[in-house]
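Working notes for the structure below.
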Amino acid sequence: MTIGNRIKARRQSLGYSVDQLADLIGKNRATVYRYENNDIESFPSSLITLLAKALKTTPSALLGWEDQSINSEVDLNIGSSLNHIRQAERIKQGARIPVLGKVAAGIPIEAIEDYNTEEWEEIGEEMASYADYFALKIKGLSMEPKFSEGDIVIVRKQDDIESGDIGVVMVENSEATVKRIIKQDNGILLVASNQAVYPPKFYDFKAIQSLPVKILGKVVELRAKF
């Protein structure tokens, strides 16, 4: 069942007309028909949250993630747009992880630009058993040649990493970037591989607290796309 099918089924189960749902989300009926007929390729996180609220359900349910057993959530959103999204769908031989969006390997950009509900990555049973993971798509050139635009990184969710590890860092609650993180006595340094084009960026402890600068996880695997 597609996300459009689930939106339509939920609307009908509540007894809502297309016009009623359109009014609830501030759209016109033609737009709702487009959602239900799967005429758009991806749903922004803000739209998923809006639809879930209007349909008295959760983003997880609309996206077809029925298993709610995951202990924690992926904290990559502005506000609470991902608060109901679980990190991985447990399956018998491991886990399927949704590719949540794009992360910059260059100038920081919004971590979650879109949802592609058809794009998934799988991790093994051993990995899935002891930690939570999410997947992101690389955008930018600063981590070349190891990380290229379009590659997928598998990230283990954790709020701290060892100095020298490659991680995903959120800046000012809305921008995220993948960089090598070097810890210093007075702050952290985010280091690109392609330093000739992207010089290191330093944040002292005051900036880390005030912006804030937040470590979201450690990159544990790269999946190159050809």
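Below, all heavy atoms of this structure are taken into account, side chains as well, without hydrogens, waters or symmetry copies. Predicted, not measured: the structure shown is a model, and the values here were computed from it.
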Is there a path of hydrophobic side-chain contacts, each under 4.5 Å between heavy atoms of I/L/V/M/F/W/Y residues, joining Tyr33 to Tyr35?
yes
Straight-line distance of Ile188 CD1 to Ile215 CD1, nearest 0.5 Å
5.5 Å
Is Leu24 linked to Ile7 within one hydrophobic cluster, defined over Ile, Leu, Val, Met, Phe, Trp and Tyr using a side-chain heavy-atom separation of less than 4.5 Å?
yes
Is the CD atom of Glu162 crowded by more than 12 outside heavy atoms at less than 6.0 Å?
no
Out of Lys8, Gln12, Arg29, which one pairs with Val18 under the side chain to side chain contact (heavy atoms under 4.5 Å, CB included) rule?
Arg29
Any salt bridge linking Glu36 with Arg34? Criterion: basic side-chain nitrogen under 4.0 Å from a carboxylate oxygen.
no
Output all residues satisfying ring-ring contact (aromatic ring centres under 6.0 Å, His included) with Tyr16, sequence neighbours left out; order by chain, then residue number.
none
dist Gln209:CD -> Asp204:CG (nearest 0.5 Å) comes out at 10.5 Å
Between NZ of Lys56 and CG of Leu14, what distance do you get to the nearest 0.5 Å?
6.5 Å
Determine whether Val191 and Tyr198 fall in the same hydrophobic cluster, where Ile, Leu, Val, Met, Phe, Trp and Tyr are linked whenever their side-chain heavy atoms lie under 4.5 Å apart.
no
Leu47 CG to Ile3 CD1 distance, which is reported to the nearest 0.5 Å:
8.0 Å
State the CG-CD1 distance between Asp151 and Ile138, to the nearest 0.5 angstrom.
7.0 Å
Could you note down all residue pairs passing salt bridge (Lys or Arg N to Asp or Glu O under 4.0 Å) where residues 182-203 supplies at least one of them, sequence neighbours left out?
Asp160-Lys183
Inspect the surroundings of CG in Asn186 and state if more than 12 heavy atoms from other residues, nucleotides or ligands are less than 6.0 Å away.
yes
First locate atom CG of Leu21, then atom OG1 of Thr31, and finally report the distance between them rounded to the nearest 0.5 Å.
10.5 Å
Do Leu189 and Val213 share a hydrophobic cluster (ILVMFWY, side-chain heavy atoms under 4.5 Å, transitive)?
no
Going by heavy atoms in the side chains, are Asn28 and Asp19 under 4.5 Å from each other?
no
Can you hop from Ile181 to Leu211 via hydrophobic side chains spaced under 4.5 Å?
yes
